[in-house]
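Ligands are counted one by one from 1 in listed order, and the atoms in each one are counted from 1 as well. These numbers were taken from a predicted model, which means no experiment stands behind them.
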Amino acid sequence: MNDWILVGMMGSGKSSVGKHVAEMSSRKFRDTDTLLQNRFGRPITKIFELYGEETFRAHETSILQSLEPEGSVLATGGGIVLREENWTELRRLGLTIYLQVPVQIIIDRMKISRKKRPLLDFDDWEERVHRILEAREHLYQKADVIWQVDTSNIQTTAQNLVEHLNTLP
Ligand code: S3P
């Protein structure tokens with residue numbers, strides 16, 4: 001059975017919505033960031049600090065390559081869309097879903113958790129959110145499903161998404 005794969009910006013709710021989607025659809029939940037942290041035995045910030053972004057990206061790709069489709073909900077790191085080769089793996093694994101969230105909502109969420117994101121641990125982080133999203137929007141749009149997220153809570157977002165996904169052939 002194919003995975004349901006969530007892509008989108010940091011703070012778009014891939015993990016939190018993904019966990020609810022998994023629960024509501026009796027699917028297993030997995031998350032590329034968690035798999036990477038397990039591989040290194042270190043948090044993402046530490047992996048970036050010790051080895052740099054290129055190494056992080058290389059391992060992100062190899063984690064994807066190591067997965068088999070198993071009907072899971074798979075949350076991905078926000079930068080998974082950057083490498084063309086990752087798309088080969090994402091498409092092999094299942095259906096890609098872009099959680100499209102207005103930039104201001106992302107910024108509001110990041111006020112609490114930006115420090116956990118090495119790409120945003122800077123004074124001008126708000127500007128960086130805008131820049132990163134602008135640079136990536138066309139890549140996120142390559143997903144099979146584009147799901148617009150509004151101010152609804154996580155549970156409602158997940159519920160609506162599951163209902164939509166269940167209507168697909
Ligand atoms: C990244 C997003 C992060 C994590 C890493 C890089 C990115 O995951 O993979 O900090 O490039 O957007 P989340 O999207 O889960 O925050």
### Task
Under the salt bridge (Lys or Arg N to Asp or Glu O under 4.0 Å) rule, collect the residues that match up with R83, sequence neighbours excluded.
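By the salt bridge (Lys or Arg N to Asp or Glu O under 4.0 Å) rule, R83 matches E54, E85.
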#### Entry: Partner set under salt bridge (Lys or Arg N to Asp or Glu O under 4.0 Å) for E163, not counting sequence neighbours
none
### Within the 4.0 Å heavy-atom sphere of ligand 1, strictly under, residues
M10, K14, D33, I44, F56, R57, G77, G78, G79, R117, P118, L119, R136
### Close side-chain approach of L67 and L74, heavy atoms under 4.5 Å
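Of all side-chain heavy-atom pairs linking L74 with L67, at least one is under 4.5 Å.
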## Note on the structure
Shortest non-hydrogen pair, F29 vs A22, comes out as CB-CB, 3.8 Å
#### Entry: Donor-acceptor under 3.5 Å (S12 side chain, V101 main chain)
no
### Message
According to ring-ring contact (aromatic ring centres under 6.0 Å, His included), does anything in residues 107-142 pair up with another residue at least two apart or in another chain? List the pairs.
### Response
Y98-Y140
